[in-house]
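Below, each value reflects all heavy atoms present in this structure, side chains not excepted, and no hydrogens, waters or symmetry copies. On a predicted model such as this, the values are computed, not experimentally measured, just so you know. Quick note on labels: first sequence line is chain A, next is B, and so on, each numbered from 1.
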Protein chains: 2
Amino acid sequence: MEFKHQATVTLAEVAEAAGVGESTVSRVLRNHGSFSGKTRDRVMAAVERLGYVPNRIAGTLASTASRLVAFVIPSLSNIVFPDVLRGASAVLEENRYQAVFSVTDYDPGKEEALAAAMLAWRPAAVMLAGYEHTEGTVKMLRASGCRIVELLDLDGDALDLAVGFSNRAAGRESAAFLLKRGYRRIGYVGHDLNRDTRAGKRFSAFCETLGAHDAPLADREILAGASSVENGRLGLERLLARTPDLDAVYFSNDDMALGGYFHCLARGIAIPSQLAIFGYNGLDIGRATPQPLSTIRTPRVATGHVAAQLVVANAPPQVVDLGFELIEGATA
Amino acid sequence: MEFKHQATVTLAEVAEAAGVGESTVSRVLRNHGSFSGKTRDRVMAAVERLGYVPNRIAGTLASTASRLVAFVIPSLSNIVFPDVLRGASAVLEENRYQAVFSVTDYDPGKEEALAAAMLAWRPAAVMLAGYEHTEGTVKMLRASGCRIVELLDLDGDALDLAVGFSNRAAGRESAAFLLKRGYRRIGYVGHDLNRDTRAGKRFSAFCETLGAHDAPLADREILAGASSVENGRLGLERLLARTPDLDAVYFSNDDMALGGYFHCLARGIAIPSQLAIFGYNGLDIGRATPQPLSTIRTPRVATGHVAAQLVVANAPPQVVDLGFELIEGATA
DNA sequence: AAGGAAAATGGCAGCGCTGCCATTATTGGC
DNA sequence: GCCAATAATGGCAGCGCTGCCATTTTCCTT
């Protein structure tokens, strides 16, 4: 059922038509090596006339140098990953690299299978989210010899390149901020933390910080499934039903926090006097709500951007911490 | 600066190690043709032992059959396109196809350049947004012989496959709904319509329908740049400053509409009694706001899903209308 | 005008695999 | 136990390009 390409024009045909050798056409098209202006014109004319489109498959095989970059990402629903792709694709396109991707649904087993499938394309680099990979994935990536970029998480040991920030630090600073503001009865609303290990790291650092200041987490509500606005709303509703005297709630991210915010609006719960809300990600929408959301802005696009630049430049192994920014907002 | 792969294991080496011929290894790995169980085991053992990863570049070149699907999308910020990718990638992964993408920023010239770059990978299919392409793009795609899928727009003539719904119908139904609800002083807040031609189609059909019912568009505010919540807020603010007596506003999409909604919340404008708000896309967040957003829900994920299925099945040229759903909500 | 460096060009092996064909091993029927 | 099917298997050309090397042409110098 695979598609068979029809009569495509080849380099040899262009060479024939232009009355030059194959290597000359190749040199002209890649603008590499020397050739006369006259020859260039004749080649380009033939290319134009025949509608020749170089075959990168053949080119890549012949040169054993790849301009593919593979992304193995957990999700496309969580805006984080499209943002990373966006940052990366701008750089990659400029440098005539091609991005290929696949989505793991936060499943490490699937990650391994998809990483294997990607390696079959012999990419210049594989970009993955975070540090949590199966042993098999790590072994395979190591053996492949291609660059490995771990994104959006610096709490662990990098295999090769790593770009992002510390989720633990984000959790810590979020807690410190709420404590500084005087909140003591703090709850948490989150989504499935086993799958989203980065959210898990934020949460545990958050709790540790609270504990260290004698204000241990008062209650938590963890919803199955992915993060969403509706789950945030529902989560806060349940949490407050159980523990009504909270004075602040930390959400696993802005989507969830917005759900909480809407819940408060709908129930007439005064923010932040009656209940404070704190998110994570710094989505644009959080800055357009009647009260700007208190949150942490993460460098998602920049992460993709820098990661792609490192790959394009074939930079030596390194860890790049892009940090994050706490946005005070008006909800906490 | 391109990356050179190091000593990779080849089919020939596996064949050697397993003590069989190359073609046998190839047959075993692709589970195609006949071979004995004993041979299979020996081959698989050798594959395992050597850590062999097949080279799809070479395989694709040899078979001249591609399992790549190329996406040329306008944006990754607009949730629409990640949603389409999500729907498609699930199907593609199941069928061992690989997705490659690039982002045009709504620039037709860039679309042409990127489409050319994609064709160089000899994909089984190229997926593009809508029908508006440069002459060069169309010519090139046609000549490539690969499948062409136009997404999210059915108002025009399909080149090959098309999956989505009619934006004009969406605009029409939105207008009809507002009129039916009794609104007569209707305004519009939108983003750059020259670039986002689908939003432009909705808008013109919307206006035509209003005009046909003697309630022509009262005023409009078009903001430069991409759609965003903040632009929606700002747009409504400006629109109302100029034309305060509007009773309803149609937004180019839900992001913009949410901005408008937040503006009303912040200014104490009663929704929908004082001002009605209508969006487009049917984002989840619009259902979690205190008043659910009145909007049209579009089948974004399904569009990607169906498009991928058609490609995988190598279906004959056709147009698939997935329709859309009007969500009454509570803001209009 | 001759010599030599530099520029321009062509030829061809080979990247790692698949598809085709030829060959050899098995199997079953009577 | 013999012959025809059928199952297994190997050999090798060739997918379209690039990289290397050899060759030819051009352009200076002196």
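Classified by interplanar angle (parallel below 30°, tilted 30° to 60°, perpendicular above 60°), the ring pair A:Phe71/B:Phe101 is tilted.
The side chain of A:Ala58 has D:dC17 as its nearest neighbour among D:dT9, D:dC17, C:dG16. Ranking D:dG16, C:dA7, D:dT9 by closeness to the A:Ser34 side chain, first place goes to C:dA7. Closest contact between the side chain of B:Val20 and the listed nucleotides D:dG19, D:dG16, D:dG10 involves D:dG10.
Atom pair B:Leu11:CG and D:dG11:C1' shows a separation of 14 Å (rounding to whole Å applied). Atom CG of B:Leu61 is separated from atom C1' of D:dT18 by 12 Å (rounded to the nearest Å). For the pair B:Asp41 CG and D:dA8 P, the computed distance is 13 Å after rounding to whole Å. Taking atom CZ of residue B:Arg122 and atom P of nucleotide D:dG16, one finds them 9 Å apart after rounding to whole Å. For A:His32 and D:dG19, the NE2 to C1' distance is 9 Å, given to the nearest whole Å. Atom CZ of A:Phe35 and atom C1' of C:dA6 are 16 Å apart (whole Å). Rounded to whole Å, atom P of C:dG14 lies 21 Å from atom CD1 of B:Ile57. Rounded to whole Å, atom P of C:dG16 lies 16 Å from atom CH2 of A:Trp121.
Between the side chain of A:Thr10 and the base of D:dG16 there is no donor-acceptor pair of N/O atoms closer than 3.5 Å.
Between B:Ser26 and the phosphate of C:dC17, there is no side-chain N or O to OP1/OP2 separation shorter than 4.0 Å. The phosphate of C:dG19 has OP1 or OP2 within less than 4.0 Å of a side-chain N or O from B:Arg30. Under 4.0 angstrom from either OP1 or OP2 of C:dT9 there lies no side-chain N or O belonging to A:Ser23. Applying the 4.0 Å criterion to OP1 and OP2 of C:dT9, one finds that A:Ser36 has a side-chain N or O inside that range. Side-chain N/O atoms of A:Thr39 include one lying less than 4.0 angstrom from OP1 or OP2 on C:dT9.
Counting heavy-atom neighbours within 6.0 Å of A:Met140 CE, excluding the residue itself, gives a total above 12.
Annotation: of the two residues near DNA chain D, A:Tyr52 and B:Arg27, the 5′-most nearest-nucleotide partner is B:Arg27.
By the 4.0 Å N-to-carboxylate-O rule, A:Lys38 lies too far from A:Asp41 to be salt-bridged with it. A:Arg27 and A:Glu22 are not joined by a salt bridge, as no carboxylate oxygen comes within less than 4.0 angstrom of a charged side-chain nitrogen.
Counting non-hydrogen atoms under 4.0 angstrom, A:Gly37 reaches nothing in the nucleic acid.
Distance alone, capped at 3.5 Å, places no donor-acceptor pair between the B:Asp83 side chain and the A:Ser77 backbone.
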